[in-house]
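Below: the structure, in structure tokens.
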Amino acid sequence: MIDKKDQQLASGGLGRRSFINTAALVGLTAGVAACTEKPGTAAAPAAPAAPASSHAGAGANVHLKPGELDTYYGLWSGGHTGDMRVLGLPSGREITRIPCFVPDALVGWGITNESKAVMGTKPDGSLKYTVADTHHTHASYKDGNYDGRYAWINDKINSRLARIRLDYFICDKITELPNVQGFHGIFPDKRDPVDPAINYTTRVFCGAEFSIPLPNTGSEDHTKYRSMFTCVDAETMEVRWQVLIDGNCDLTATSYDGKLAATNQYNVEMGAKYEDMMSAERDACLFFNIARIEAAVKAGKFKTIGTSKVPVVDGTHEANKDPKTALTAYVSVPKNPHGVNASPDQKYFICAGKLSPTATVIELAKVLDWFDGKLEKLDSAIVAEVEIGLGPLHTAFDGRGNAYTTLFLDSQVVKWNVEAAIKFHAGDKTAKYVVDRLDVQYQPGHVNASQSETIAADGKFLAVGCKFSKDRFLPAGPLHPENEQLIDISGEKMVLLADHPVRGEPHDFIIFKRDLVRPKQVYTLDEFPLAVKDPKESGVFRNGKKVTVKMTSQAPAFSLREFKLKKGDEVTLILTNLDKIEDLTHGFAIPNYNVNFIVNPLETKSVTFIADKPGVFWCYCTHFCHALHLEMRTRMIVEA
């Protein structure tokens, strides 16, 4: 919305938006100047920016009645909390958080043996990592739409990929990628590139943003640093292969036919310093021919690096000059692109310019033509490169031919028509490709719409993550929340519906219809090898200094009223919740022993600790479960 101060200054002074853009552009002049404008990239006639306040009273109702359910799920990255947020939309209500990379005291993630096995531990049993930086989240596909099986999220700091089971909304596997740093973009494939019978996700592609020595010897000579593009098996979560490339990886996208994956590259120079990263005239969108890469791996045309056994194929410029044998293809795009997104009509990848005020539309059929030797110049796959505003970052789609791109410097979302942009680029200067603009608050980054990157994009809602909130919420000290805004895109004009404060720093998200997942309300007892299936199996079982305590919970009691240990015992406590009622979760905490976790209905968890403090310790249920919840306890007696 437009501030009063901006309105006062609009006639002669410098408004907030003008000030921000002027200040930002001073620092970015070198980058923008480096972008060479191709023919047909002059600004098109565009609709003027529409202040959000002009739509007051319009748009969908985000305030649901008591008991009314949201129509969409949203899966959001948690940022530095290392988890995944689950939202209901259009309300924007946070339903739960799924811990992945960082310990979580509520559920006992990083405390139980089962969660430690997923997270990874050092030889002494402690967690290998306790910090993370989650950025991007995507889900598995079948027939071009989400299938409700899995979702994935990355940890940029420690190059890890986590998988979420969407039947239980839990993290079940984490893989650490070898040979990379700054693991950033991810995207699952949408079907197999060769076998038409495999119409679902089997791989997840991962891009490395930072270049390093390979193997990482600590060399200061950055000219020998390299980056990798990685393929992870969707089921086993093992790394299938990697591609050595020129330049780096930022975001990732995949084609609907499974044949192509791509990453935008903002540092083709592989510079180690800012000025080195800005020396090239243009950057690139790098395409990977998946079938050829896997054929090369199968034929043994790869090497390995250091102690890693992962096959690495050569995707550099020098090794891929012949289109008919090339594994990779480098399409040039304006300097410093940020984001690459696949349109739901299955035809295009769109790269946003960031330092260039442009969006680049690349036709996938023409990229495939180049690989087949039918297209002389690879850059001929660019069918539009048009100006849309200052600081374009990410793009979403409505399924009606329109794209929605965030403009970081303009603090706007711009709605533009892809086919009209292609006509304008081809010479039709009457084609008005910009349809609408909407002010957002402030400096938007990621954007996504309901079902956006599926063939079922429905054009109902769009969410945008704004990196600054400033005056939008009550002040709570120097650290401001970010502002996640919800927009109605069902009509010709965008309508701002709601602001939601969120602790920093989340990034990406997806929005999908609720009927695409069928979450289970209770666990299956047989899924847990350690399950205590009957209270009669409870007890203390000693093998020298190693002790196993087996216990069940059924509201309002634990199966053991007390259990005795000796100082110095190595104790493994196994707890099974035998309650079968939906939402009847129990907790288990041991004072002074750093133990706290929950067990959902028919779930089993275990913890291992040393009984090093003698005394009486009241173990109690931490999750309200019954009218006698406070009485639900057991005594742990540690004898000196």
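- Distance check, rounded to the nearest 0.5 Å: CE of Met551 to CD of Glu537 gives 14.0 Å.
- Evaluated for a side-chain contact (heavy atoms from CB on, under 4.5 Å) with Arg191, the options Ile198, Thr201, Asn199 yield exactly one hit, Asn199.
- Aromatic pair Tyr141/Tyr200: centroids not less than 6.0 angstrom apart.
- For Lys128 and Thr121, the side-chain atoms include no donor-acceptor pair closer than 3.5 Å.
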Checklist entry - Can you list the steps and then say if Asp398 with Arg400 is a salt bridge (charged side-chain N to carboxylate O under 4.0 Å, His left out)? => result CA-CA 5 Å; Asp398 63 10; Arg400 300 187 294 271; 3.5 Å; yes
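- In this model, no donor atom of one side chain and acceptor atom of the other lie less than 3.5 Å apart for Thr137 and Asp508.
- In this model, no donor atom of one side chain and acceptor atom of the other lie less than 3.5 Å apart for His136 and His507.
- You'll find the ring centres of Phe371 and Phe288 outside the 6.0 Å limit.
- Atom CG of Leu260 and atom NZ of Lys190 lie 10.5 Å apart (nearest 0.5 Å).
- Aromatic pair Tyr129/Phe101: centroids not less than 6.0 angstrom apart.
- For the residue pair Ser606 and Asn113, a side-chain donor N or O sits within less than 3.5 Å of a side-chain acceptor on the partner.
- For the atom pair Ile111 CD1 and Ile598 CD1, the distance stands at 11.0 Å (nearest 0.5 Å).
- Residues Arg226 and Asp246 are paired through a salt bridge, judged by an N-O separation under 4.0 Å between the basic side chain and the carboxylate.
- Heavy-atom neighbours of Asn594 CG from other residues, nucleotides or ligands within 6.0 Å: at or below the threshold of 12.
- Contact of the Leu378 side chain with the Lys366 side chain is not registered, since no non-hydrogen atoms from C-beta on lie closer than 4.5 Å.
- Counting only N and O atoms by type, the side chains of Asp345 and Ser343 include a donor and acceptor under 3.5 Å apart.
- Donor-acceptor pairing under 3.5 Å is lacking for the side chains of Tyr146 and Gln451.
- In this structure, the ring of Tyr523 has its center less than 6.0 angstrom from the ring center of Phe528.
- One distance of note links SG of Cys285 with CD1 of Ile362; it measures 4.0 Å at 0.5 Å rounding.
- A distance of 6.0 Å or more separates the ring centres of Tyr330 and Phe287.
- Checked by atom type, the side-chain pair Asp250/Gln265 shows no donor-acceptor distance below 3.5 Å.
- Centroid-to-centroid, the aromatic rings of Phe187 and Phe205 stay 6.0 Å apart or farther.
- In the displayed structure, Lys156 atom NZ is contacted under 6.0 Å by more than 12 heavy atoms of other residues, nucleotides or ligands.
- Judged by distance alone, the side chains of Glu484 and Trp76 do bring a donor and an acceptor atom under 3.5 Å apart.
- When side chains are defined from C-beta on, Met228 counts as touching Ile305, because their heavy atoms get closer than 4.5 Å.
- Counting all heavy atoms, side chain and backbone alike, Ser553 lies closest to Leu575 at N-CD1, 3.9 Å.
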